[in-house]
Amino acid sequence: MAMKSDIQIAREASKKPIQEIGEKLGIPSDELLPYGHDKAKVSQKFINQVRGNKDGKLILVTSINPTPAGEGKSTTTVGLVDGLNRIGKKAAVCIREASLGPNFGMKGGAAGGGYAQVVPMDDMNLHFTGDFHAITSAHNLLAAMIDNHIYWGNSLEIDTRRVTWRRVIDMNDRALRQITASLGGVSNGFPREAGFDITVASEVMAILCLANDLKDLQERLGAMIVAYRRDKSPVYARDIKADGAMTVLLKDAMQPNLVQTLENNPAFVHGGPFANIAHGCNSVIATTTALKLADYVVTEAGFGADLGAEKFMDIKCRKAGLHPAVVVLVATVRAMKMNGGLGKNELDHEDVEAVKKGCPNLGRHIENVKSFGVPVVVALNHFVHDTEAEIQAVKDYVKTMGAEAIVSKHWAQGGEGAVDLATRVAEVADEDPGNFSPIYPDDMGLFQKIETIAKRIYRADEVLADQKIRNQLKEWEEQGYGNLPICMAKTQYSFTTDPNRRGAPTGFGVPVREVRLSAGAGFVVVICGEIMTMPGLPSVPSAVNIKLDANGDIEGLS
Ligand SMILES: Nc1ncnc2c1ncn2[C@@H]1O[C@H](COP(=O)(O)OP(=O)(O)O)[C@@H](O)[C@H]1O
Ligand SMILES: O=COP(=O)(O)O
């Protein structure tokens, strides 16, 4: 029988009232702000009340370098939590919210898939509880106030050639990457080059995902650098007096969202930075709250372990004082084949040799995760086309790497299909050796931090950066930002900056195109190769297949 679509499965879910889901975690109904019957925000008051609880075990789900469709990190995160609950563990999901960009572009949503989804998947993949709209508004309020400040006399002496604060929209729109603002004459202000990024690349998004509470949020917002003067001294958001109003716009967005899996297990869904252009992790407030309420919290970080997992460890864990007890590294036969050199349209037939050729990519990610002092379990996310020979090839290879690969069929079977994975992951998590450490110390120089990531994680020979970039990093160190971690922005398809160099390449350099100081979020963004902070739509966007059917139900969301 043909598998139902994700949205059909989600629509048929037997959801419980969100208050019952909260009760599973000890959240009283009056500490939930409901958004309908199946979504709610958790109150800051309750979050403050449980801050003293003992932490559960934190489990990170990452993956090998993915195909364009993604290898099932969110799906495995949800399936693993359902599996853990089936074996009697009190486990919760912690994932990111979906951006409308990939939803209507190519990649799809962020609610998992098959019988391992969070619901209501359509709400979650569309407007959800409005967090992304709030972030977009707050970001663009600041942009409007900057140009307005310049219009009314520019008392801060902003150098209009050095306004670094761009605008955002939660959509893939390449036409907005580079624009000229304030055209049309005197009443429209002073024309200058400007542009848009996608909302998930906004520093406001990063701050919402790293802040502990509203006070911390406002302080970080105020600390964002928005422009420089001619003497190159920074102008902050607090100089524009925008931080208060931005915090008002973000008041509700700051509170984590609670929904449920298809098997009625709790799922925190909050924040949504991409991992190729931002730090790629869900919010600290959701993760730390979940750890106070569940014995096992399973979270994910975007794209492959060279991006999301590295930034989870070196940015999120460092800043929030977290550490993963175990990492689940998702591999799929299809991505192994792609890393073995096959094209994205050649992945549906058996090719054991291609799987074997892709193994070094998996091996490098296993070594990288272990280099953070964290044990790893490989989850082979089973697809219907996978053959026994292909699966065996992965298992045999993983064994040579001193790890173990466990086949998980959560997509097709829900939690029942992930019981073996859940059993093993819980065992490893309970043995948590507590040896986690980031791969570079705070007091290492910024350029040296970039080199450490490039050489130790990507296996690059060198970092290529012109003198202007090196001088900019030195200047930020002199201004007191030298202790910040690095947020690498590069393609998700390769360890290199060339999306076509799959597998485990060596003998390459990492070209740095631009560096941006996210002084509010507290990291330095290093833009490598051709990666864009405003993606474009594909030739046939998913949007063309998204519509309402005769019953008014949504079709085409995945
Ligand atoms: N085992 C599987 N079989 C078939 N499709 C899957 C499987 N796992 C995930 N998918 C689908 O692949 C896409 C990407 O899954 P997702 O969990 O979003 O990946 P990631 O979080 O790594 O980007 C989704 O459409 C999902 O439904
Ligand atoms: O930031 C990217 O996340 P996914 O890997 O979930 O697409």
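When a ligand or atom number is given, it counts from 1 through the structure's own listing order. Index from 1, following the sequence.
Backbone and side-chain nitrogen or oxygen atoms of Phe303 are examined, and one is located within less than 3.5 angstrom of a nitrogen or oxygen of ligand 2. The N/O atoms of Ser558, backbone and side chain alike, include none that comes under 3.5 Å of an N/O atom in ligand 1. The N/O atoms of Ala275, backbone and side chain alike, include one that comes under 3.5 Å of an N/O atom in ligand 2.
If you look at Ala69 next to ligand 1, the close heavy atoms, those under 4.0 Å, all belong to the backbone. The proximity of Arg334 to ligand 1, defined as any non-hydrogen pair under 4.0 Å, is limited to the side chain. Using a 4.0 Å cut-off between heavy atoms, His410 makes no contact with ligand 1 at all. Contacts between Lys73 and ligand 1, counted as non-hydrogen atom pairs separated by less than 4.0 Å, involve both the backbone and the side chain. Contacts between Arg96 and ligand 2 below 4.0 angstrom, taking non-hydrogen atoms only, involve the side chain exclusively.
Using a 4.0 Å cut-off between a side-chain N of Lys or Arg and a carboxylate O of Asp or Glu, Lys4 and Glu12 qualify as a salt bridge. Comment: Asp38 engages Lys15 in a salt bridge, judged by a side-chain N to carboxylate O separation of less than 4.0 angstrom. One finds a salt bridge joining Arg334 and Glu71 here, because a Lys/Arg side-chain nitrogen approaches an Asp/Glu carboxylate oxygen to under 4.0 Å.
Given atom 1 (N) of ligand 1, the protein heavy atom at minimum distance is His382 O, 2.7 Å. In this structure, the protein non-hydrogen atom closest to atom 23 (O) of ligand 1 is Lys107 NZ, 2.6 Å. Looking from atom 7 (O) of ligand 2 to the surrounding protein, the closest heavy atom is Lys107 NZ, 3.0 Å. Protein heavy atom closest to atom 8 (N) of ligand 1, with residue, atom name and distance, is Asn381 ND2, 3.0 Å. The nearest heavy-atom contact from the protein to atom 2 (C) of ligand 1 is Trp411 CG, 3.3 Å.
Interface atoms of ligand 1 facing Asp6, defined by a heavy-atom separation under 4.0 Å, are 25 (O), 27 (O). Close contacts of ligand 1 with Gly72, meaning ligand atoms under 4.0 Å from a residue heavy atom, involve 9 (C), 15 (O), 16 (P), 17 (O), 19 (O), 20 (P), 22 (O). Ligand 2 places these atoms under 4.0 Å from at least one heavy atom of Lys73: 4 (P), 5 (O). Residue-ligand proximity, Glu71 to ligand 1, at heavy-atom distances under 4.0 Å covers atoms 19 (O), 22 (O). Within ligand 1, counting atoms from 1 as listed, the ones closer than 4.0 Å to a heavy atom of Gly113 are 27 (O). For ligand 2, the atoms sitting less than 4.0 Å from at least one non-hydrogen atom of Gly302 are 1 (O), 2 (C), 3 (O), 5 (O), numbered in the order shown with element in parentheses.
The side-chain contact (heavy atoms from CB on, under 4.5 Å) test with Thr261 singles out one residue from Ile21, Asn85, Asp82, Thr77, and that residue is Asp82. A side-chain contact (heavy atoms from CB on, under 4.5 Å) with Thr129 is found for exactly one of Met124, Lys41, Gln255, namely Lys41. When the options Ile169, Ile277, Val168 are evaluated for a side-chain contact (heavy atoms from CB on, under 4.5 Å) with Ile198, the one that passes is Ile277.
Side chains of Thr287 and Asn282: a donor-acceptor N/O pair is present below 3.5 angstrom, by distance only.
By the 6.0 Å and 45° rule, Lys490 stacks over the aromatic ring of Tyr458. A cation-pi arrangement is absent between Arg459 and Phe495, since the terminal nitrogen or guanidinium carbon is not both under 6.0 Å from the aromatic centre and inside a 45° cone about the axis.
Of the possible donor and acceptor atoms, none in the side chain of Thr199 sits under 3.5 Å from a partner among the backbone N and O of Thr136.
We find the CZ-OG1 distance between Arg502 and Thr496 to be 10.0 Å, quoted to the nearest 0.5 Å. Summarising the geometry, atom CG belonging to Leu210 is positioned 8.5 Å from atom NZ belonging to Lys316; distances are rounded to the nearest 0.5 Å.
When Thr75, Thr76, Val330, Thr332 are ranked by how near their heavy atoms come to atom 17 (O) of ligand 1, first place goes to Thr75.
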